[in-house]
Amino acid sequence: MTVLALAGVSRWYGNVVAVNDVSFEVGPGITGLLGPNGAGKTTLLHLMAGFLAPSAGTVDLDGTPTWRHPEVYRGIGFVPEREAFYPFLTARQFVEASARLSGVADPRAATERAIATVGLADAADRGMSGYSKGMRQRAKVAAALVHDPPTLILDEPFNGMDPRQRLSMMDLLRAMAADGRTILFSSHILEEVERLSDRVLVVVAGRLAAAGDFRRIRRLMTDRPHQFTLRSSDDRRLAVELMAAPDVESVELRDGRLTLRTADYGALTRGIASAARRAGVTLYELRPADESLESVFSYLVRR
Amino acid sequence: MTAALVSLTFRALLNRRRTLLLAALGGLLVLVAGIFRLGDPSTAEATRFTGRLAADFGLAVLLPLVTVIVGTAAVGSELDDGTIVYLLARPLPRWLIVLVKLAVTWLVATLLVAVPILIGGLVGTAGDSEIGIGYAVAAALGALEYAAVFLALSLVTSRALVVGLAYVVVWEGVVAGLFAGTRIVSVRQHALAVGDAIVGEGAVSAELALSVALLIGGAVVVLATALAIRRLTMVELRGETG
Amino acid sequence: MSTSPDSASTIYDLGYRRYEGPRLGRRGAIGAIVGAGLRATLGLGRGGRSKIIPWGTLVLGLLPAGVAVAIRVLVGDIVELYSYENYVWGIGALLPIFIAAQAPELVVNDLRHRVLPLYFSRPIGRADYVAAKLAALSLAVLGLTLLPVLVLFAGRVLAAEDLLGALGDEIGALPAIFGSGLIHAFVLASLGLAICSLAGRRAYAAGAVLAVFLIGGVISGTLQEVGGGLESIAPFTNPLAILDGTRQWLFGGGVAESPVTGAGVALPIYGLATAVLLGASLATLAVRYRGVST
């Protein structure tokens with residue numbers, strides 16, 4: 001069980017601040033790092049992986065700073081965003097060299113395992129210069145997990161993958177997280193993060209805008225009304241009843257669908273059942289309408 | 001781990017078209033010596049010509065050209081194309097990476113320079129090994145010094161090849177020719193001093209005493225290597241756009 | 001701008017228009033490449049650091065001519081520092097540096113970043129592209145092979161007491177000045193571009209150009225010094241010596257330091273060698289650019 005901890009981390013280049021006073025901890029499970037292009041995701045990941053010196057603050061992997069401590073790489077697998085590869089190696093040679101460089105006890109067996117894990121066995125003996133982007137990505141992932149690291153850091157791992165490869169990579173990451181690994185990946189595509197992560201970190205303009213389960217993050221955004229859609233035995237009567245409730249901001253009945261907005265998530269979810277009973281209406285369905293990560297994200301980015 | 005690093009570095013430095021081109025330059029030296037031999041020269045002529053060829057072509061052109069290209073590529077091209085991350089993300093001490101890169105660069109440069117000089121020397125003098133061995137040893141020692149300097153340079157600037165070429169052409173070629181005092185910090189002059197000490201009456205009389213050349217050359221190797229290790233320890237990887 | 005009543009969707013007319021006017025066509029495109037190439041070669045519009053080598057070499061190349069003119073004006077016609085014949089040979093060391101530093105700017109990145117299809121989607125062909133780049137580099141190299149000699153010429157004419165008489169004396173040298181300058185510039189530019197077109201990166205291209213000239217010069221010098229019949233091969237390993245021989249063949253006037261002096265080779269052979277050098281360079285360019293996929 002490993003914990004990657006950032007405390008008060010800032011990083012600036014000259015007078016441009018790329019990461020601004022970020023603190024969080026990443027533990028086992030899948031954590032998604034989300035942010036628009038240029039928000040500082042790569043800078044943050046490189047800080048965590050020890051490829052950049054924090055200008056202020058500390059980055060520790062289980063208590064050891066990652067910057068200038070190459071021995072931490074026994075426990076870290078890193079997949080860079082940049083499509084860098086040795087043009088003179090096949091994928092198998094690349095993964096095996098990575099295994100040997102990490103001092104793996106049985107590099108050949110570890111190589112075969114890693115290549116099989118990413119599903120690259122058929123093409124492993126071809127030169128990587130002839131690979132598609134998705135194949136190179138998988139070779140990079142194989143190299144990153146060949147030494148069986150408890151922590152895996154992936155920068156935009158789904159870039160250039162087709163939908164099928166994307167799904168199998170997601171399955172792979174889920175399986176690895178189920179083994180108790182700490183997995184951190186970045187993406188600017190919401191759907192990926194939403195489908196994969198237990199936890200999100202939202203970075204906007206170098207600052208950590210939110211951290212945690214995105215549904216809970218949503219609930220914390222109290223200055224923005226929550227939206228629900230309801231289905232019931234009699235929508236019109238329910239609407240009338242709800243309009244009288246103090247926390248409800250607006251009620252709308254349109255195209256046979258009842259939508260309501262409230263500023264107080266907790267009060268509404270507690271009170272709606274009794275409101276339905278008072279109106280003598282049976283409640284069939286109560287669904288948060290905008291709990292998608294997209295809405296959370298666009299809210300945080302715009303703020 | 002070290003063995004894997006050595007083999008990876010070897011493949012990176014050898015498995016490219018440019019190695020063939022550099023080997024062809026060495027072949028050119030042997031070829032010129034061979035053409036000269038066809039003219040059936042006298043022994044004195046042969047000694048003079050072969051010495052000039054080994055010193056003026058071998059040490060003054062081939063050696064810096066090969067070492068600047070191989071030396072700046074050893075780490076520089078990996079920084080350039082981003083593959084350095086695959087070394088830095090492994091539990092390898094940074095000093096080990098630098099020392100391995102330096103050793104492999106040295107070996108490759110020696111193969112590409114000292115061997116043609118040795119063969120060219122033997123061919124040009126029809127078997128008199130003194131010139132060939134003398135300048136080959138000089139080339140090997142010079143290759144170490146150049147390799148250390150250019151390796152450190154590639155960690156200081158991203159335009160190491162251009163700066164290195166400028167150093168060779170402008171400093172060693174022009175400035176050291178005009179201002180004799182600057183020769184004390186010219187790698188070429190260090191190598192020449194070694195060659196002259198072995199060959200005896202060298203074709204190009206060296207300006208420096210052997211002891212001075214070895215002392216300064218050794219100091220340069222140590223300082224440049226220390227600088228390279230320091231720079232690699234501090235090297236930072238930014239994103240593609242940063 | 002109309003909004004249909006049943007939906008809020010609208011496509012706004014922002015006023016973008018296709019350009020329908022006259023176009024400059026092929027000639028304009030070639031001219032633009034030449035102009036941009038010349039600017040790139042001279043470092044115009046770039047930062048200060050990319051101006052150091054082109055302007056440094058140009059200034060160094062003009063310096064002797066300027067000094068010679070100044071002496072003539074101040075002291076009079078007492079010493080002949082430079083002749084029209086030996087000037088380009090005298091500043092010969094600058095030519096490889098200039099070409100090695102600037103020729104890669106013209107061709108290497110276009111090939112490396114595969115932007116040639118963008119050029120060829122315009123009304124120009126491969127030959128036009130190569131010709132335009134060649135013209136740009138040749139024009140820039142003329143700054144070293146022609147401009148200083150013209151300065152020398154102007155100095156001699158203007159410093160004379162009898163202007164018209166001096167003009168009459170000197171004007172006969174103009175064909176040789178222009179001929180030699182143009183041949184040097186064009187052949188060296190072709191050779192430089194051909195070498196650069198084969199390199200993958202600008203630094204390698206610069207190294208390759210320097211290697212060709214340095215190694216050629218060193219081998220030539222060694223052969224010349226050793227003698228024993230080898231001095232007759234000496235000029236042919238050095239492109240600058242081949243060009244000097246051609247200049248001597250066409251316009252006369254020997255240069256003491258050149259390996260052509262003492263080689264004892266019939267001068268037309270140099271013309272042939274120049275033709276072979278130029279032909280090989282242009283053929284290399286043709287083959288290299290024929291292979292570029294559009």
Given that the side chain runs from C-beta out, which part of B:R159 has a heavy atom under 4.5 Å from chain C: side chain, backbone, both or neither? neither

Toward chain C, the part of B:L29 with a non-hydrogen atom under 4.5 Å: neither

Interface moiety of C:I53 toward chain B, non-hydrogen atoms closer than 4.5 Å: neither

Are the side chains of C:I219 and B:L28 in touch, meaning some heavy atoms are under 4.5 Å apart? yes

Which of C:L210, C:I233, C:L214, C:I215 touches chain B most, by non-hydrogen pairs under 4.5 Å: C:I215

Largest heavy-atom contact set with chain C, pairs under 4.5 Å, which of B:V61, B:L53, B:V162: B:V61

Side chains of C:R201 and B:L161: does their closest heavy-atom pair fall under 4.5 Å? no

Can you give me the closest heavy-atom contact between C:G207 and B:L65, atom names plus distance? O-CD1, 4.5 Å

Between C:A203 and B:L165, the two heavy atoms sitting closest are O-CD1, 4.2 Å

Say you draw a straight line from CZ of B:R48 to OG1 of C:T222; how long is it, rounded to the nearest 0.5 Å? 10.0 Å

